[in-house]
Amino acid sequence: MAGILFIISAPSGSGKSTLVAQVRTLVEGLDFSISYTTRAPRGSETDGREYHFTSRENFQRMIADKEFLEWAEVFGKDYYGTALSALDHARAAGKDLLLDIDVQGAKQVMQRMPEAVSIFILPPSPQVLEMRLRNRSEAEHMTSEDVIERRLQQARNEVEKVWEYKYALVNDVLDQATAEMRAIVLAERGISDGVTAMAASCRTTTASLRLRAALHSFSVGAAALPPMDCPRA
Ligand code: ADP
Ligand code: 5GP
C-alpha cells in the first residue's frame with residue numbers, strides 16, 4: 001500500500017461517517033484518523049472511537065506543542081484537529097489514511113501535503129440535509145435547534161469550496177455513493193479494473209449532472225462550471 005492520504009470533507013449531516021464506515025468494510029488497508037475535539041460526545045459516541053474528546057486547555061497545549069497536522073475552530077465554537085501521530089501510525093502499518101475534516105482543515109492539509117487526494121461529499125439538497133440532521137438528532141435524543149441551524153447555515157459556505165477538491169460525490173443513494181468512494185480509493189491506488197470510469201465521473205473537472213443538480217439546490221453559482229456539452233478534461 002502506498003500510504004495515500006485521503007481528505008474527506010462534507011457539510012455535517014451529509015452522511016460522511018456512514019459512507020466512510022461502509023467503504024472501510026469493502027476496502028482493506030484504510031486507516032481512519034480519530035480526531036481530537038473539544039465538543040461534547042453525541043448520543044452513543046465513545047471517547048477514542050469517533051473522537052478523542054478533550055478539554056480546550058489540553059487542545060491549546062497540543063497546538064502549542066505542534067502536535068497537529070491541522071486544526072480548526074469549526075462552527076465558531078469548538079476545536080477539531082488531526083494529530084500528526086495518526087499519519088505516523090498509518091505509515092508504520094503500511095496503510096492509507098482517511099481524514100474526515102472540515103474545509104478549513106482540508107485547505108491546510110492540501111497546502112502542506114499537495115499529494116493528498118481530496119474528496120468532497122454533498123447531500124443531494126439542503127432539504128435532505130436538514131432531514132438527515134433532524135433524524136440524527138432525534139435518534140441521539142439531542143435535538144437542539146441551535147445546533148441544527150448553525151450546521152445548515154454553514155453548509156452552503158462549505159459547498160462553495162467543492163472546486164478546491166479533486167473529487168466530489170453526491171450521497172443520495174448510499175450504495176451508489178459507497179461504490180463511487182470505493183472506486184476513487186482503488187483508482188488512486190492504481191487499480192484500473194472496473195473502477196476507472198466511475199472514479200473519473202466523480203472528478204470535479206467532470207462536473208456531472210448529479211453534482212450540478214446538488215450545487216444548484218444549494219444556490220451555488222454556476223460561474224465556475226464548464227458548459228454542459230463541454231466537460232473539462
Ligand atoms: P456526517 O458524518 O456527514 O455528519 P452521518 O454519517 O452521521 O453524517 O449521517 C447523518 C444521518 O444521515 C444519519 O442519520 C445517517 O444514518 C443518515 N444517512 C447517511 N447517508 C444516507 C443516505 N444515503 N440516505 C439516507 N440517509 C443517510
Ligand atoms: P461533527 O461535530 O458533526 O462530528 O463534525 C463537525 C465538523 O468537524 C465536520 O465538518 C467534520 O468533518 C469536522 N472535523 C472533524 N474532525 C476534524 C478535524 O480533525 N479537523 C478539522 N479541521 N475538522 C474536523
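First listed ligand is number 1; within each ligand, the first listed atom is number 1.
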Closer than 4.0 angstrom: is that true for some heavy atom of [X] and an atom of ligand 1?
X      : result
Asn171 : yes
Ser12  : yes
Asp172 : yes

Note to self: Taking non-hydrogen atoms within less than 4.0 Å of ligand 2, which protein residues qualify?
What the structure shows: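 For ligand 2, the residues that come within the 4.0 Å heavy-atom cutoff are Ala10, Ser12, Lys16, Ser35, Arg39, Arg42, Tyr51, Glu70, Ala72, Val74, Phe75, Tyr80, Gly81, Thr82, Asp100, Ile101, Asp102, Gly105, Arg151.
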Margin query: What's the separation between atom CD in Gln111 and atom CD in Gln108, rounded to the nearest 0.5 Å?
Written below: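 Atom-to-atom, Gln111:CD and Gln108:CD are 8.0 Å apart.
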Check: Can you tell me which residue and heavy atom of the protein come closest to atom 8 (O) of ligand 1, and the distance to 0.1 Å?
Finding: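 Here the closest protein heavy atom is Gly15 N, 3.1 Å.
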Note to self: To check your reading of the model: name the closest protein heavy atom to atom 18 (N) of ligand 1, its residue, and the distance in Å.
What the structure shows: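 The protein heavy atom lying closest is Arg132 CD, 4.0 Å.
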Check: Is it true that the side chains of Asp78 and Thr38 contain a donor and an acceptor less than 3.5 Å apart?
Finding: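 Yes - a donor-acceptor pair under 3.5 Å links their side chains.
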Next item on the list: Could you tell me whether the side chains of Arg132 and Asn135 share a donor-acceptor contact shorter than 3.5 Å?
Entry: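 The answer is no; no qualifying pair exists.
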Next item on the list: Run the numbers on Thr54 and Arg39 for side-chain hydrogen bond (donor to acceptor under 3.5 Å, both in side chains), then give the verdict.
Entry: CA-CA 8 Å; Thr54 191; Arg39 86 150 161 77; over 6 Å; no
Under 3.5 Å, which donor-acceptor pairs do the side chains of residues 178-188 form with other protein atoms, sequence neighbours left out?
{"from": "Thr178", "atom 1": "OG1", "to": "Leu174", "atom 2": "O", "distance (Å)": "2.7"}
{"from": "Glu180", "atom 1": "OE2", "to": "Gln176", "atom 2": "NE2", "distance (Å)": "3.3"}
{"from": "Glu180", "atom 1": "OE2", "to": "Arg210", "atom 2": "NH1", "distance (Å)": "2.8"}
{"from": "Glu188", "atom 1": "OE2", "to": "Lys166", "atom 2": "NZ", "distance (Å)": "2.8"}
{"from": "Glu188", "atom 1": "OE2", "to": "Tyr167", "atom 2": "OH", "distance (Å)": "2.6"}

Notebook entry, point to check: Going through the distances and angles, do Lys161 and Glu158 end up as a salt bridge (charged side-chain N to carboxylate O under 4.0 Å, His left out)?
Noted result: CA-CA 5 Å; Lys161 303 284 190 306; Glu158 292 170 326; over 6 Å; no
Would you say [X] and ligand 1 have an N/O pair spaced under 3.5 Å apart?
X      : answer
Val173 : no
Ala10  : no
Asp100 : no

Notebook entry, point to check: Can you check whether Ala200's main-chain N or O pairs, donor with acceptor, with Thr206's side chain at less than 3.5 Å?
Noted result: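 Yes; at least one donor-acceptor contact below 3.5 Å.
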Check: Counting only N and O atoms by type, is there a donor-acceptor contact under 3.5 Å from the side chain of Thr204 to the main-chain atoms of Tyr165?
Finding: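 Answer holds: yes.
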Margin query: Below 30° counts as parallel, above 60° as perpendicular, anything between as tilted: where do the rings of Phe59 and Tyr79 land?
Written below: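 Geometry flag for Tyr79 against Phe59: parallel rings.
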Notebook entry, point to check: Where does Ile121 meet ligand 1, judged by heavy-atom distances below 4.0 Å: at the side chain, the backbone, both, or neither?
Noted result: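 It is neither part, as no heavy atom is under 4.0 Å.
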Checklist line | Leu174: numbered ligand 1 atoms lying under 4.0 Å from its heavy atoms | finding: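 Listed by number with element, the hits are 23 (N).
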Checklist line | Enumerated ligand 1 atoms positioned under 4.0 Å from heavy atoms of Thr18 | finding: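 Atoms satisfying the 4.0 Å criterion: 5 (P), 6 (O), 9 (O), 15 (C), 19 (C).
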Notebook entry, point to check: Are side-chain heavy atoms of Ser17 and Val20 found at a separation under 4.5 Å?
Noted result: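 They are not in contact (no side-chain heavy atoms under 4.5 Å apart), so the answer is no.
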Next item on the list: List the atom of His52, the atom of Ile34, and the distance in Å for their closest heavy-atom pair.
Entry: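 Heavy atoms only, the tightest pair is CD2-O, 3.3 Å.
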Checklist line | Candidates Tyr51, Phe53, Trp71 - the one meeting ring pair (Phe, Tyr, Trp, His ring centres under 6.0 Å) with Tyr80 | finding: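 The residue from Tyr51, Phe53, Trp71 that satisfies ring pair (Phe, Tyr, Trp, His ring centres under 6.0 Å) with Tyr80 turns out to be Tyr51.
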Note to self: Judged on heavy-atom distance to atom 13 (C) of ligand 1, which of Arg134, Glu50, Arg136, Arg42 sits nearest?
What the structure shows: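 Looking at heavy atoms only, the winner is Arg136.
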